[in-house]
Amino acid sequence: MPASAASQLVDPRGATGRLLAHYDAHARPLPWRSPPGSPPPHPYLVWLSEVMLQQTTVASVEPRFHRFVARWPTLQSLAEAPEEQIFAEWAGLGYYARARNLIACARQVAERGGFPTHEAELRKLPGLGAYTAAAIAAIAFGRRAVVIDTNVARVIARLHALDRPLAALGPDIRRLADSLTPDDRPGDFAQAMMDLGATLCRPRSPGCAACPLSADCRAFARGEPQRFPAPAPKRAPRQRFGTAWWIERAGSVWLVRRPKHGLLGGMAALPGTEWGEQGPPGGSGPVIRHAFTHFALDLRVATASEPVGEGWWQPVARLGEAGLPTLYMKAAEAILAGRIRDAA
DNA sequence: GATGCGTGGGC
DNA sequence: TGCCCAAGCAT
């Protein structure tokens, strides 16, 4: 790929060199990362961490990554693990399609005897999109790949003072990121850009005084770098209502598994009604308020006596092992907290 | 290109 | 408290 006209605006080698020097001195030590300039981590660890990090913060991922690796130290062990155990280990991390794709990907890769080492082949695996395929190619295999996540996109938008929303900047961001990406150390470069976005070039209150790219940055030169790029337009929040059933016998509660696809797909759950726009539902029992990305849910947790649908009895004392998503953990906690209050 | 898909933390 | 945001992907 030839250097684009953008290289007249930002000197690729100069800016890239300053960025990598800053990374060599300030790279955050992370459990899935090897120090700058050293051999890369095992592709299994790069893949696992990258999938966990999709739309999820480092702070949330760290403890979960340790647990996953302790339980399934190799790709082969993960590929052979029962699905329910993997779902349970993922519970609370969110975006559960990632767990489904993780399982499918592990099995495919085990079958073929290892990860492909080129971006285009990685891109075909379940759960690996443009970002993750490029990140694994660069970080695990040292391939030159244009790695663009939300951090990189924001850094690029500020370097060039692009003030439209990121959704409208895709092709521009890609071209400019390409022109900045070096042939050497592409993995370190990608991680350096992401570190920069996470620690200095933050969405709000960017730390330009310590930034190795401030001399290259048009947004900095204009002042108010936090104005770039423009925020995404907001969507009107929606409200839904539903009822879940707490069915308990002899110290166990009746759980079901949600359908494979859609919201919380494949995860353990309390049985309940569909969630609709009409409400709030009648009946008695605590109401849980839970904010999903695209709607808010008021869920009444009502007690019932007869098991509903296919499911299993889960001992209440071991509810934590059931792998319930956060919504249902909150529902269970509301029931159990009410019980403690009643006893007092 | 837009929409559906979780959750926790920061301010 | 409410809002914004996070190492995105699939359709």
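Chain A is the first sequence line, chain B the second, and so forth, proteins listed ahead of strands; every chain is numbered from 1. Only heavy atoms go into these numbers, but all of them, side chains included; no hydrogens, no water, no symmetry mates.
Near-neighbour residues of DNA chain B inside residues 24-33 of chain A, defined by a heavy atom below 4.0 Å, are absent.
Rounded to whole angstrom, the span from the CG atom of A:L128 across to the P atom of C:dA7 amounts to 18 Å. One interatomic measurement links the two molecules: CZ of A:R100 to P of C:dG8, which rounds to 19 Å at whole-angstrom precision. Atom CG of A:L53 is separated from atom C1' of B:dG6 by 15 Å (rounded to the nearest Å). Atom C1' of nucleotide C:dA7 and atom CD1 of A:I173 are separated by 16 Å, given to the nearest angstrom. Between A:W90 atom CH2 and B:dT7 atom P the separation is 13 Å, expressed in whole Å. Per the geometry, CG belonging to A:L93 stands 14 Å off P belonging to C:dG8, to the nearest Å. A straight line from CZ of A:R174 to P of C:dG8 spans 14 Å, rounded to a whole angstrom. Across the protein-nucleic acid pair, A:E50 atom CD and C:dA6 atom C1' stand 13 Å apart, rounded to whole Å.
A side-chain N or O of A:T117 and one of A:R143 form a donor-acceptor pair less than 3.5 Å apart. A side-chain donor-acceptor contact under 3.5 Å links A:R258 and A:Y328. Checked by atom type, the side-chain pair A:Q85/A:R71 shows a donor-acceptor distance below 3.5 Å.
Comparing the P positions of B:dA2 and C:dA7 gives an interatomic distance of 23 Å, to the nearest angstrom. C:dT11 sits 14 Å from B:dG6 when the P atoms are compared, rounded to a whole Å. When the C1' atom is used for both B:dC5 and C:dC5, the distance is 16 Å, rounded to whole Å.
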Sub-3.5 Å pairs of nitrogen or oxygen atoms, protein against nucleotides 3-5 of chain C:
{"residue": "C:dC4", "atom": "OP1", "partner": "A:K234", "partner atom": "NZ", "Å": "3.2"}

List, with names and distances, any nitrogen or oxygen atoms from the protein found under 3.5 Å away from nitrogen or oxygen atoms belonging to nucleotides 3-5 of chain B.
{"residue": "B:dC5", "atom": "OP2", "partner": "A:H294", "partner atom": "NE2", "Å": "2.4"}

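Using a 4.0 Å cut-off, no side-chain N or O of A:Q55 falls inside it from OP1 or OP2 of C:dA6. In terms of phosphate contacts, A:T326 brings a side-chain nitrogen or oxygen within less than 4.0 Å of OP1 or OP2 of B:dT7.
Put simply, the side chain of A:W254 gets close to the backbone of A:V308: a donor and an acceptor are under 3.5 Å apart. With hydrogens and angles ignored, the 3.5 Å screen pairs no side-chain donor or acceptor of A:R218 with any backbone N or O of A:L159. Under a 3.5 Å cut-off, the side chain of A:R144 and the backbone N or O of A:T181 do form a donor-acceptor pair. No donor-acceptor pair under 3.5 Å is formed between the side chain of A:R67 and the backbone N or O of A:R64.
Here A:T132 lies in heavy-atom contact (under 4.0 Å) with sugar-phosphate atoms only. Within 4.0 Å (heavy atoms only), A:T56 reaches at least one base atom of the nucleic acid. Residue contacts shown for A:A291 include a base, since a base heavy atom lies under 4.0 Å away.
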Test salt bridge (charged side-chain N to carboxylate O under 4.0 Å, His left out) on A:K330 and A:E333 and set out the steps. CA-CA 5 Å; A:K330 286 162 72 173; A:E333 285 162 9; over 6 Å; no
Does the pair A:F292 and A:H290 meet the rule for a ring pair (Phe, Tyr, Trp, His ring centres under 6.0 Å), with working shown? CA-CA 6 Å; A:F292 290 98; A:H290 189 75; 4.7 Å; yes
Kindly indicate, with the supporting measurements, whether the criterion side chain to side chain donor-acceptor pair (under 3.5 Å) is fulfilled by A:Q54 and A:R98. CA-CA 9 Å; A:Q54 289 167 2; A:R98 293 184 294 170; 4.9 Å; no
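Side-chain contact between A:W90 and A:Y95 is absent, with no heavy atoms from C-beta onward closer than 4.5 Å.
For A:R123 and A:W47, the positive end is not near the middle of the six-membered ring at less than 6.0 Å and at most 45° from its axis. In this structure, A:R240 forms a cation-pi arrangement with A:F295, its terminal cationic atom sitting closer than 6.0 Å to the ring centre and no more than 45° off the ring axis.
Closest to the side chain of A:R123, from the set C:dA7, C:dA10, B:dG6, is C:dA10.
Positionally, the nearest nucleotide of DNA chain B for A:P171 lies more toward the 5' end than for the other of A:H290 and A:P171. Residue order along DNA chain B, read from the 5' end via each residue's closest nucleotide, puts A:A167 first among A:Q54 and A:A167.
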